[in-house]
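First the structure, in the form of structure tokens, and then the observations on it.
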Amino acid sequence: SRAVINALDSVARKTVNLSKSIVKANTSAIASGTRLIKLFSGSSLSTVSSFFNNATKSSIKLLSSLKQTSVIALGFSAVLGFKLAKSASEAGQSLESLRLSLEAATGSVAGAEREIDFLTKTSKDLGVAFDSISRPYADLANAITSSGGDIDLARRIFLGITEAGQAMSVGPEKLQRALFAVSQIAAKSRVSLEEVNQQLSEAIPGSVGIAAESLGLLPNEFIKLVETGKLQALPFLSAFADELSSTFSVTAKKAVNDYQSSVSRVSNATKKLKTAIFNSGVGEAVKEFLDTLAQAINGFADTGAQDFGGF
């Protein structure tokens, strides 16, 4: 209903505007943990054990003096903060992986950034979740450029498939399968029945007829041409992209206001928040924390053999 869609859009807006205090608090907490580990690096296990034993006793006394609601609130905040920092780190790492893949497709860092901007704009304009289209697009871009095509063709066929998927409300999974199918076509350099008649037509209903029309053929004529193994991938994908966009672009834009698009906007807003948190310093703080922890564990392992007479 319209009320549900409005509520989801409201959640998306509030997520984007979430206070930066969460970022500061989590970065500070992680940095404190890093300093604590550095403090004990090189110490014996017995020294560390003694410290934490005394610290635990002091913490129990402190907690017992607090009201139950305060303890619950403190614990909940700690868990929430850790989960948010962890989630932000995962989102940041995912984006870095995407950036490297797009850099391979475009040949430059600047090119990768342009494609990320393109994906961000597309996810907003068409109401699709960034995470559901970003990796399939990177794979498609690499398949096309490796086969001698350019990034403009990758964009066009991607937009055509995405517009068709949105217009027909096929859902994220089928949209991903359709993008995978065209990636396979590009990678093989020739159009095969497996991708067209199975993967593509199952994901995007009527795609065989649209593909035939893009070449000025009837469906049975198109199938016969594909069976010969002589239909080259890139010229076909270029014509197919144009036909898809001319068929579905208007309807796809109308679908931006449906329920699934509102859910996708919430997902995109959450992704944007996590990436902002990662870029604000949490990512580096978590990396330093993990590196320091690994060094400390190795140090404790070395001193542990001495403290306990060897393992």
Side-chain angles (χ1 to χ4, degrees), residues 98-99 101-108 110-130 132-168 170 172 174-192 195-196 199-201 203-217 222 225-226 231-256 261 264:
L98 174 67
R99 185 175 284 111
S101 183
L102 289 172
E103 184 178 338
T106 61
S108 69
E113 290 300 327
R114 283 194 297 272
E115 297 316 296
I116 290 176
D117 289 342
F118 163 71
L119 283 169
T120 302
K121 184 177 185 302
T122 301
S123 66
K124 180 180 179 181
D125 290 346
L126 295 179
V128 293
F130 181 90
S132 70
I133 60 171
S134 55
R135 177 51 59 180
Y137 175 68
D139 293 341
L140 173 62
N142 275 291
I144 286 179
T145 55
S146 296
S147 298
D150 57 26
I151 204 69
D152 178 65
L153 176 57
R155 286 190 179 196
R156 287 168 49 224
I157 188 62
F158 168 78
L159 278 176
I161 292 290
T162 305
E163 287 171 343
Q166 284 301 92
M168 290 188 281
V170 300
K174 286 189 175 182
L175 177 58
Q176 289 172 351
R177 289 207 296 270
L179 290 169
F180 175 76
V182 293
S183 293
Q184 290 291 96
I185 291 172
K188 292 179 180 179
S189 299
R190 292 286 188 280
V191 182
S192 72
E195 284 81 28
V196 173
Q199 298 177 14
L200 193 56
S201 62
I204 306 293
S207 56
V208 172
I210 296 170
E213 191 170 347
S214 72
L215 299 178
L217 301 173
F222 173 72
L225 176 60
V226 172
L231 181 57
Q232 295 185 348
L234 297 185
F236 162 70
L237 290 176
S238 181
F240 189 41
D242 291 341
E243 191 66 31
L244 285 169
S245 289
S246 65
T247 303
F248 296 109
S249 61
V250 174
T251 307
K253 289 180 173 61
K254 292 179 180 178
V256 170
S261 296
S264 296

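Shown are L140, L126, L119, I161; of these, the side chain to side chain contact (heavy atoms under 4.5 Å, CB included) with I133 is made only by L119. With F158 as reference, L179 is the one residue of I144, L153, L179 to meet the side chain to side chain contact (heavy atoms under 4.5 Å, CB included) rule. For the side chain to side chain contact (heavy atoms under 4.5 Å, CB included) test with F240, the passing option among L200, V191, I185, L215 is L200; the others fail.
In this structure, the side chain of S238 does not engage the main chain of P235 through any donor-acceptor pair within 3.5 Å. A donor-acceptor pair is defined here as one N or O able to donate and one able to accept, closer than 3.5 Å; no such pair exists between the side chain of Q199 and the backbone of R177. Distance alone, capped at 3.5 Å, is enough to place a donor-acceptor pair between the S123 side chain and the T120 backbone. The backbone N or O of L159 lies less than 3.5 Å from no partner atom in the side chain of T162, so there is not a single donor-acceptor pair.
Of all heavy-atom pairs between V170 and P205, the closest is CG1-CD, 4.3 Å. A pairwise comparison of heavy atoms in E195 and A181 identifies CG-O, 3.6 Å as the closest pair. Closest non-hydrogen pair, A212 versus F222, comes out as CB-CB, 3.5 Å. Across all their heavy atoms, A187 and S147 have their closest contact at CA-OG, 4.0 Å. Residues A252 and Q166 approach most closely at CB-CB, 4.3 Å, considering heavy atoms. Across all non-hydrogen atoms, the minimal contact from K174 to A203 is O-CB, 3.2 Å.
To the nearest 0.5 Å, the span separating CZ on F236 from CG on L225 amounts to 9.5 Å. Interatomic distance, S201 OG to I210 CD1, rounded to the nearest 0.5 Å: 11.0 Å. Between the CG atom in D150 and the OG1 atom in T106 there is a gap of 12.5 Å [rounded to 0.5 Å]. The OG atom of S189 lies 6.5 Å from the CG atom of L234; values are rounded to the nearest 0.5 Å. Taking CG of L244 as the reference point, atom OG of S207 lies at 8.5 Å (rounded to 0.5 Å). For the atom pair D152 CG and I157 CD1, the distance stands at 12.0 Å (nearest 0.5 Å).
Residues F180 and Q184 are in side-chain contact: their nearest non-hydrogen atoms beyond the backbone lie under 4.5 Å apart. Under the 4.5 Å side-chain criterion, counting only non-hydrogen atoms from C-beta, I151 is not in contact with F118.
Between the side chains of R155 and T122, no donor N or O sits under 3.5 Å from an acceptor N or O. With hydrogens and angles left out, the side-chain atoms of S245 and E163 include a donor and acceptor closer than 3.5 Å.
Of the charged side-chain nitrogens involved, none lies within less than 4.0 Å of a carboxylate oxygen, so that E115 and R99 do not count as a salt-bridged pair.
Heavy-atom neighbours of E213 CD from other residues, nucleotides or ligands within 6.0 Å: at or below the threshold of 12.
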